[in-house]
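Below: the structure, in structure tokens.
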Amino acid sequence: MNKRAESDVMQAGLEASAFWMPYTANRQFKKAPRLLARAEGMYYWTADGRQVLDGQAGLWCVNAGHCRPKIVAAVQKQAAEMDFAPTFQMGHPAAFEFADRLARIAPPGFSRVFFTNSGSESADTALKIALAYHRARGEGQRIRLIGRERGYHGVNFGGMSVGGIAANRKAFGPGVAGVDHIRHTHDLGKNSFSRGQPQHGAELADDLERLCALHDPSTIAAVIVEPVAGSAGVLVPPQGYLQRLRDICTKHGILLIFDEVITAFGRLGQPFGSQRLGVTPDLFTTAKGMTNGTVPMGAVFAKDSIYEAFMQGPEGIELFHGYTYSGHPLACAAGLGTLDTYEEEGLLTRAGSLEKRFEDGLHSLKGERHVIDVRNFGLMGAVELEPRAGKPGARAYEAFLKVFEAGVLVRWTGDVLAFSPPLIVEKAQIDRIFDTVRGALAAIS
Ligand SMILES: Cc1ncc(COP(=O)(O)O)c(C=O)c1O
């Protein structure tokens, strides 16, 4: 069967497929599927053989580009050597080696790494560590968790509860008790078309003081925010905002958690987002780029003092938490191959040398039809479109489809098109992404 016929057969069969797709309009998709069949470097190939430039690093995760030889070889070797080994009361060398390698590139003072399997699990793990840390130090009354409107911390109950995207919450009940949210920082009235960090809005961090006054700060365990909010459409923190949040947390003994599931591993031009932004949290979460998206994995990085607080009690299990697949051998192998690739090719800082070209290309879309904002930081960017009356998201979805038909994959989220190419992207490919978007915007109503 030739490729075209194969894809016709697959597409004909999809309407009845058993696959309940995540975060997808299943009925709509299965009627007109978009199937990716192969990937290499900066490109995907569709099931019918079309080449597609990857403008979103898979799903914010394939930072070194697709099917990189060192990562592929490491996973293949590990799969043949030892498929699985438990990390409860047992260990295997790759888990220790990978944790130590990660700690070596982490900001100073973050020498402890707890493995998970996803960003969602990292968020929930970080929240639980924060609660247990306070309890271990005799501050068990700190039981509240603070998130931020428009925040995204995955889909598990903790992350959903501190998250602030309404659609992700409304069908699922009240969530975890004791959660509150500070205001988001998105302000098109003052900050539209900002290049890099917006000028206005540092004072929005003071909203945390409002919640401290309301709840009594001694009841608050942690505040969790993304350094740059990704899923809500690339919301860059205003200048001074994160430092102010840091200061308020320090003043009240509240832990600050950065959710770096997107911003870690070079996306902002430094290994970790906190380094680029110059603000240090107490805990931070990662996933995605940690294994270049090859095998699911996440991690929570903890400050030494947090780990040490757990090591003071009687001998025994210090933290009753973990996943069957924490430190899975295949994920560790993929992670080690990923770090080798990042380090050999300088990818953890390469975004810095591309940022200006990326910013200029993106901001050249200012003035195109429907565009009401353009924003960027590192190799993260977004174009926000005027929503169609009564149909939020529809215009940007159509633009996303047009861009895909023209051979470029970008991320559609609400009224926003978001961009986060692999960090191996070349300047001409950056130009092609934004030229394709320009063409699509001209073609839609
Ligand atoms: C900041 C942030 N946290 C958590 C998650 C959830 O990660 P996962 O889908 O791997 O559970 C995401 C996913 O996009 C994210 O962007």
Side-chain angles (χ1 to χ4, degrees), residues 21-24 56-63 114-130 145-165 167-169 172 175-176 179 181 184-186 222-237 242 256-268 272-274 276-277 281 283-301 323 325-326 328 331 334-335 338 377-382 409-414 416 418-420:
M21 298 175 70
Y23 273 124
T24 295
Q56 61 166 36
L59 196 47
W60 317 92
C61 51
V62 184
N63 288 1
F114 195 102
F115 287 129
T116 71
N117 307 289
S118 65
S120 298
E121 289 181 0
S122 294
D124 277 45
T125 297
L127 297 171
K128 287 179 73 177
I129 289 176
L145 301 168
I146 308 293
R148 185 171 59 187
E149 292 169 353
R150 298 211 181 193
Y152 185 65
H153 305 292
V155 294
N156 292 343
F157 265 95
M160 177 193 79
S161 304
V162 292
I165 297 177
N168 294 337
R169 302 162 49 89
F172 306 111
V176 169
V179 168
H181 296 78
H184 66 76
T185 62
H186 194 39
V223 172
I224 182 167
V225 293
E226 301 154 88
V228 177
S231 298
V234 185
L235 310 181
V236 183
L242 288 175
L256 178 61
I257 305 170
F258 278 176
D259 186 337
E260 293 231 32
V261 165
I262 286 177
T263 53
F265 301 105
R267 179 60 46 200
L268 302 183
F272 298 94
S274 62
R276 168 71 193 270
L277 286 152
L283 292 158
F284 66 91
T285 63
T286 60
K288 297 193 187 269
M290 193 174 158
T291 58
N292 204 38
T294 310
V295 179
M297 191 179 214
V300 176
F301 288 66
Y323 302 94
Y325 301 125
S326 288
H328 192 285
T338 297
F377 197 56
L379 280 192
M380 289 175 82
L409 181 65
V410 299
R411 177 98 182 99
W412 163 65
T413 161
V416 167
F419 312 95
S420 65

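In listed order, ligands and their atoms are each counted from 1. Heavy atoms only: backbone and side chains are in, while hydrogens, waters and symmetry mates are out.
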Exercise for review: First locate atom CZ of Arg169, then atom OG of Ser161, and finally report the distance between them rounded to the nearest 0.5 Å.
Suggested key: 6.5 Å
Review point. What residues, two or more places apart in sequence or in another chain, satisfy ring pair (Phe, Tyr, Trp, His ring centres under 6.0 Å) together with Phe265?
Key: Phe272
Review point. Can you name the ring pair (Phe, Tyr, Trp, His ring centres under 6.0 Å) partners of Tyr325, sequence neighbours left out?
Key: Phe84, His328
Exercise for review: For ligand 1, would you mind listing the residues that have at least one heavy atom less than 4.0 Å away, ordered by chain and number?
Suggested key: Ser118, Gly119, Ser120, Tyr152, His153, Gly154, Glu226, Ser231, Asp259, Val261, Ile262, Lys288
Study note, to complete from the structure: By salt bridge (charged side-chain N to carboxylate O under 4.0 Å, His left out), Arg276 pairs with (sequence neighbours left out) Glu355
Exercise for review: For atom OH of Tyr323, decide whether the heavy atoms of other residues, nucleotides or ligands shown that lie under 6.0 angstrom number more than 12.
Suggested key: yes
Review point. Using 30° and 60° as the class limits, which term best fits the ring planes of Phe301 and Phe284: parallel, tilted or perpendicular?
Key: parallel
